[in-house]
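Residue indices begin at 1 and follow the sequence shown. Here the structure is a predicted model, which is why all the values come from computation and not from measurement.
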Amino acid sequence: MPQNESKELLEALDAMKNERNKENAERLTKLLEDMEVLVPAVMPKNTDPAILKQMSSSTPDTPQPIPAGAQPLPCILQNETGQKFFPIFTSNEQIEKGEGIPKYPITLNMPFKSCIDLVINLKGVEGAVINPYTHNILMNINRENAAAARPEKIQVSEQEFHAIVRRQMESVLLPGKIFTEGEEFIKDLCNREGECLTEFFKEPYAKIGCPYKADDYDFMTLSISDTLQLTRISMPHEYAYPGTAETLFVTWNPEEKKAGYYGILNAPRGEFNKLMEITSEGKAIDHGPAPGEGNELQSIIDIANAKNSK
């Protein structure tokens with residue numbers, strides 16, 4: 001069963017996400033080729049009820065063998081342009097990062113090589129996508145000599161496509177820019193505001209048009225002290241699914257040239273919003289329930305000042 005990713009694998013995934021060249025692709029493929037990975041699946045509608053009952057009685061989060069007679073089908077992601085991709089996750093943690101996305105009913109442990117063999121035989125599937133909620137690495141598949149197998153495919157809702165694209169921007173692409181380009185990018189962000197943010201959506205929405213406009217984002221930048229500048233960004237209400245940000249906060253320490261990145265994440269109905277932080281290493285830190293309206297700025301200031309004092 002897949003374990004937490006090794007440091008080497010995470011480094012290879014990050015390298016491929018940041019620069020998709022032949023060298024990085026070969027390095028990542030070599031690390032994955034002998035690994036077991038996780039593939040989300042569902043049971044066909046005509047599955048024997050006795051099999052479904054047996055599977056539902058299993059202990060949650062405990063690996064179980066597939067019962068005899070069960071024939072799970074791999075889920076296929078489909079975006080609004082009609083492109084279809086076979087999702088592959090390198091650990092349970094990568095699946096859990098899809099906050100706000102409905103949980104997959106079944107997760108299969110499969111050798112990575114078997115996944116690629118399966119993708120080759122899936123008609124209409126563009127390729128595989130590795131860790132779609134975080135790294136979102138697409139792998140095109142060579143279909144020469146492909147077999148004719150055509151398993152049934154499960155389409156993912158429009159919600160999943162919008163949620164993946166928006167979460168990718170809010171939790172990966174934007175903080176990545178902030179931490180790698182620092183003051184230069186933060187100045188650009190504060191100057192161009194929403195125009196700067198909508199640029200992140202050009203590629204995923206190239207064929208259908210971006211649903212967000214520059215004036216959908218409200219910015220407020222405050223100079224709190226000599227060591228703290230704070231920018232508050234109110235996010236669009238459209239496609240604000242659970243797990244996407246209601247508000248983002250970018251901090252900057254002019255003396256130490258260090259940035260901070262925080263977000264108030266929308267929670268499912270009946271639950272409290274969360275205050276999350278993304279570090280310069282890409283680690284997500286849960287600061288617990290979000291502070292009440294009117295106290296958000298002070299909470300971020302307190303966290304940032306605590307870091308500055310260390």
Original post:
Any donor and acceptor pair, going by atom type alone, linking the side chain of N253 with main-chain N or O of L228 inside 3.5 Å?
Top reply: no
**OP:** Look only at the side chain of S171 and the backbone of R167, and say whether a donor-acceptor pair between them is shorter than 3.5 Å.
**Re:** yes
Subject >> side chain to side chain contact (heavy atoms under 4.5 Å, CB included) involving I278 - partner list, sequence neighbours excluded >> reply: P175, Y261, A284
**OP:** Scan residues 6-19 for pairs that pass salt bridge (charged side-chain N to carboxylate O under 4.0 Å, His left out), counting only residues two or more places apart or in two chains.
**Re:** E11-R27
Original post:
Are the side chains of C190 and F219 in touch, meaning some heavy atoms are under 4.5 Å apart?
Top reply: no
Original post:
Run the side-chain contact (heavy atoms from CB on, under 4.5 Å) check on Y262 and L248 step by step: do they pass?
Top reply: CA-CA 6 Å; Y262 308 85; L248 294 175; over 6 Å; no
Original post:
If we only count heavy atoms from C-beta on, is the Y133 to V172 side-chain gap below 4.5 Å?
Top reply: no
**OP:** Take T221 and Q229 through the side-chain contact (heavy atoms from CB on, under 4.5 Å) test and state the conclusion after the steps.
**Re:** CA-CA 7 Å; T221 298; Q229 172 187 295; 3.9 Å; yes
Original post:
With side chains defined as the heavy atoms from C-beta onward, is the minimum distance between F85 and I76 less than 4.5 Å?
Top reply: no
**OP:** Return each pair, listed once, that meets salt bridge (charged side-chain N to carboxylate O under 4.0 Å, His left out) where at least one residue sits in residues 215-224; pairs must be two or more places apart or across chains.
**Re:** K213-D216
**OP:** Show the numbers, then the answer: is there a side-chain contact (heavy atoms from CB on, under 4.5 Å) between L174 and L197?
**Re:** CA-CA 8 Å; L174 178 57; L197 294 181; 3.9 Å; yes
Original post:
So do the side chains of P132 and F89 get within less than 4.5 Å of each other, counting heavy atoms only?
Top reply: yes
Original post:
What pairs with E181 under salt bridge (Lys or Arg N to Asp or Glu O under 4.0 Å), at least two apart in sequence or on another chain?
Top reply: K177
Subject >> Within residues 239-255 or reaching into it, pairs that qualify as salt bridge (charged side-chain N to carboxylate O under 4.0 Å, His left out) - sequence neighbours excluded >> reply: none
Original post:
Can you name the salt bridge (Lys or Arg N to Asp or Glu O under 4.0 Å) partners of K257, sequence neighbours left out?
Top reply: E183
Original post:
For E277, what residues pass the salt bridge (Lys or Arg N to Asp or Glu O under 4.0 Å) criterion, not counting sequence neighbours?
Top reply: K307
Original post:
Would you say K274 and H287 make side-chain contact, with heavy atoms under 4.5 Å?
Top reply: no
Original post:
Within a strict 4.5 Å, meaning less than it, do heavy atoms of the V129 and F86 side chains meet?
Top reply: no
Subject >> With E184 via side chain to side chain contact (heavy atoms under 4.5 Å, CB included) - residues at least two apart >> reply: none
Original post:
When you check the gap from the basic side-chain N to the acidic O, do K258 and E256 get nearer than 4.0 Å?
Top reply: yes
Original post:
So do the side chains of L222 and T231 get within less than 4.5 Å of each other, counting heavy atoms only?
Top reply: no
Subject >> Side-chain (N191) to main-chain (K187) donor-acceptor, under 3.5 angstrom >> reply: yes
Original post:
Between CE of M110 and CG of L38, what distance do you get to the nearest 0.5 Å?
Top reply: 11.0 Å
Original post:
Of the non-hydrogen atoms in V39 and C115, which two are nearest, and what is the gap between them?
Top reply: CG2-SG, 3.5 Å
Subject >> Residue pair Y239, T244: steps toward the side-chain contact (heavy atoms from CB on, under 4.5 Å) verdict >> reply: CA-CA 8 Å; Y239 304 125; T244 61; over 6 Å; no
Original post:
Between the side chains of N131 and T90, does any donor sit under 3.5 Å from an acceptor?
Top reply: yes
Original post:
For the side chain of S223 and the backbone of S225, is there at least one donor-acceptor N/O pair under 3.5 Å apart?
Top reply: no
Subject >> Test ring-ring contact (aromatic ring centres under 6.0 Å, His included) applied to Y212 - qualifying residues, sequence neighbours left out >> reply: F201
Subject >> Qualifying residues under side-chain hydrogen bond (donor to acceptor under 3.5 Å, both in side chains), relative to Q298, sequence neighbours excluded >> reply: D302
Subject >> side-chain hydrogen bond (donor to acceptor under 3.5 Å, both in side chains) against E170, all qualifying residues, sequence neighbours excluded >> reply: R166
**OP:** Kindly state each residue pair satisfying salt bridge (charged side-chain N to carboxylate O under 4.0 Å, His left out) with at least one member in residues 223-232, sequence neighbours excluded.
**Re:** R232-E296
